[in-house]
Amino acid sequence: MADATKPSTAAPETLLTMTKENLESGLRGVPVGYCTTSAVEADKGLFYVGNPVEAIGHRDPEEVIYLLLHKQWPTADQRAAFSRELAARATVEPGVFESLKALPRHGHPMKWFIHAINVLGMFSTSKGDYRTDCMDLIAKIPTVTAAIFRLRDAWGAPIAPRSDLGYMENFVHMLGVPGLSAPQNAKLVKLMRVFEVAHLDHGGGNLSTFTGKTVASGKADMYESILAAMAGLAGPLHGRANQECLEFINECVASVGAANLTAEAVRVMIQKKLDAKQVVYGFGHAVLRVEDPRARLLRTVGEDICPDFPLFKMVKLLAEVVPPILKSNPKISNPYPNVDSASGALLQACGLIEPEYYTVLFGMSRTVGIAAQIVYERCEARGGKGVPIMRPKYFYSPSGTANGEAIIAGSG
Ligand code: HAX
């Protein structure tokens with residue numbers, strides 16, 4: 001019997017019989033290659049190098065990043081050397097901040113993020129070495145992300161990184177959220193450590209990761225590939241769902257009233273939304289058919305840092321009330337909470353009150369997994385030759401789907 005605590009390995013010999021139903025299906029279920037960092041399994045959840053994410057969610061982010069890059073946990077010495085290397089590379093050229101200052105404040109933070117990665121790439125001296133760029137990006141991305149918050153929201157000049165702090169401790173230091181008390185700052189650190197680990201990687205085929213690897217397959221450099229990946233993450237059906245989800249939870253609390261947070265009131269409110277054909281944000285998944293383990297993980301952090309925060313109470317009520325309601329609709333494949341169901345409410349509780357920034361935090365973390373996967377595809381796959389340039393087949397059909405009766409055969 002399959003072990004529910006471990007991901008399946010080894011691709012079957014016969015992968016898929018292609019039919020025209022596979023066309024215009026967003027490549028759902030179409031096998032493409034191997035992912036060496038993580039696995040998403042419909043009935044088991046997410047694994048990083050074979051470790052269930054829920055079991056390692058509270059470990060040091062540096063250790064988990066090391067795991068994704070090296071496929072093994074670091075020894076104490078390796079861990080210390082890795083932290084020193086991250087700290088040594090964390091400083092960002094002032095020219096990156098100067099270019100950010102010229103951007104329009106109303107531009108979405110993800111557009112700032114994409115711009116910053118592009119400019120970082122222009123300052124790179126690695127001559128396009130994917131491994132060097134991977135480490136540089138992982139080290140510098142928290143510095144750049146913190147600067148985006150500070151410059152776009154006029155919090156003040158970017159704060160320099162400190163080499164004596166951990167990866168996420170340093171990020172929170174560089175954020176310097178105005179008016180945050182020391183206990184609130186400590187809560188933000190607790191949350192960001194788990195948030196970072198939870199978002200690092202999500203298999204090989206999610207939109208942003210696949211896009212990044214596709215762009216890299218033409219031998220675009222790491223920065224060009226990651227900025228393309230981040231443009232994919234910016235979409236509301238992908239990374240930006242965390243922003244939409246917090247707006248939804250805010251709306252739910254406003255609708256039932258913060259003083260009336262009962263299961264019955266929430267049940268009635270959700271049923272009304274579904275009757276009005278509205279989306280219940282934070283529920284459902286394209287691959288998972290069980291509750292997203294990252295949703296549970298983040299709720300445990302919420303119990304620790306903000307158990308009485310009304311938005312968090314709503315997160316818990318929704319997790320209890322929504323699945324049975326969605327289950328009664330047979331077309332919904334997954335009625336359970338996903339990662340975005342809880343993250344926004346927790347960030348809000350810790351003083352990061354602008355939902356527009358949440359996708360940038362997701363992008364900061366996910367850069368790690370995508371960069372690690374690009375290193376594999378460019379430098380290690382096929383005995384070091386790398387995966388060839390991506391070139392899937394399209395059928396010529398002037399009227400598109402209407403005449404899409406093509407039969408898949410041969411190469412094209
Ligand atoms: N609320 C309302 N309707 C839903 C729903 C939800 N939470 N989840 C699924 N459905 C609907 C779909 O819109 C679809 O309707 P149509 O047939 O009319 O198009 C139908 O049920 C079948 O969908 P599905 O097969 O269960 O799910 P998909 O693979 O098509 O979509 C989504 C997966 C995550 C996009 C979907 O469940 C959804 O829209 N959820 C709410 C938004 C959300 O929380 N997104 C974050 C996902 C986490 C993530 O990946 N972040 O990056």
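Indexing begins at 1, ligand by ligand and atom by atom, following the structure's order. Computation of the quantities below employed the complete heavy-atom set of this structure, encompassing side-chain atoms and omitting hydrogens, waters and symmetry-equivalent molecules. Numbers here are sequence positions counted from 1. Bear in mind that the values here come from a model prediction, so they are computed numbers and not experimental data.
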When you check the gap from the basic side-chain N to the acidic O, do [X] and [Y] get nearer than 4.0 Å?
X	Y	value
Glu303	Lys316	yes
Asp153	Arg105	no
Glu356	Arg152	yes

query: With no hydrogens and no angle check, do the side chains of Thr300 and Arg296 hold a donor and an acceptor under 3.5 Å apart?
result: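 Checked: Thr300/Arg296 side chains show no N/O donor-acceptor pair below 3.5 Å.
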Any protein heavy atom nearer than 4.0 Å to [atom]:
atom	value
atom 19 (O) of ligand 1	no
atom 35 (C) of ligand 1	no
atom 32 (C) of ligand 1	no
atom 28 (P) of ligand 1	no
atom 45 (N) of ligand 1	yes
atom 2 (C) of ligand 1	yes

Identify the protein heavy atom lying closest to [atom], giving its residue, its atom name and the separation to 0.1 Å.
atom	answer
atom 52 (O) of ligand 1	His238 O, 3.3 Å
atom 14 (C) of ligand 1	Lys331 CE, 4.5 Å
atom 50 (O) of ligand 1	His285 NE2, 4.0 Å
atom 39 (O) of ligand 1	Val279 CG1, 4.2 Å
atom 24 (P) of ligand 1	Ser333 OG, 3.4 Å
atom 5 (C) of ligand 1	Ile332 CD1, 4.1 Å

field: With Ser126, the side-chain hydrogen bond (donor to acceptor under 3.5 Å, both in side chains) member among Asp133, Asp136, Asp221
entry: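 When side-chain hydrogen bond (donor to acceptor under 3.5 Å, both in side chains) is applied between Ser126 and each of Asp133, Asp136, Asp221, only Asp133 qualifies.
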task: Using the six-membered ring wherever Trp is involved, compare the ring planes of Trp155 and Phe149 and label them parallel, tilted or perpendicular (cut-offs 30° and 60°).
output: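 Correct class here is tilted.
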Within a distance under 4.0 Å of any heavy atom of [X], pick out the atoms of ligand 1 and give their elements.
X	value
Arg28	29 (O)
Gly282	43 (C), 44 (O)
Gly284	34 (C), 37 (O)

Test salt bridge (charged side-chain N to carboxylate O under 4.0 Å, His left out) applied to Glu380 - qualifying residues, sequence neighbours left out: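 In terms of salt bridge (charged side-chain N to carboxylate O under 4.0 Å, His left out), with neighbours along the sequence ignored, Glu380 is linked to Arg131.
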Does ligand 1 come near enough to [X] that some N or O of the ligand is less than 3.5 Å from an N or O of the residue?
X	value
Ala286	no
Tyr281	no
Phe283	yes

- prompt: Hey, is Asp340 one of the residues with a heavy atom under 4.0 angstrom from ligand 1?
  reply: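 The answer is yes, since Asp340 has a heavy atom less than 4.0 Å from ligand 1.
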field: ligand 1 contact by Asn338, heavy-atom criterion under 4.0 angstrom
entry: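 The answer is yes, since Asn338 has a heavy atom less than 4.0 Å from ligand 1.
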query: Considering only heavy atoms, does Ala241 approach ligand 1 within less than 4.0 Å through its side chain, its backbone, both, or neither?
result: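 It is the side chain that gets close, since no backbone atom is under 4.0 Å.
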- prompt: Got a sec: does the NZ of Lys71 have more than 12 other heavy atoms crowding it under 6.0 Å?
  reply: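 Enclosed: over 12 neighbouring heavy atoms sit under 6.0 Å from NZ of Lys71.
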Closest to atom 7 (N) of ligand 1 (judged by heavy-atom distance), picking from Thr359, Val280, Ile325: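 Of the listed residues, Val280 has the closest heavy atom.
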field: Inter-residue atom distance Lys213.NZ - Glu377.CD, 0.5 Å rounding
entry: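 Output value for this atom pair is 4.5 Å.
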query: In Å and rounded to the nearest 0.5 Å, what is the CG to CG distance from Asp292 to Leu297?
result: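 Answer for the CG-CG pair, Asp292 versus Leu297, is 9.5 Å.
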Minimum-distance pair of heavy atoms, taken over all atoms of Tyr66 and Gln72: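 Closest approach of Tyr66 to Gln72: CD2-O, 3.3 Å.
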- prompt: Within 45° of the axis and under 6.0 Å from the centre of the six-membered ring of Phe395, does NZ or CZ of Lys393 qualify?
  reply: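 Yes, cation above the ring, under 6.0 Å and within 45°.
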- request: Quick one: which residue pairs count as a salt bridge (charged side-chain N to carboxylate O under 4.0 Å, His left out) with a foot in residues 109-119, not counting sequence neighbours?
  value: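 Pairs touching residues 109-119 that pass the test: none.
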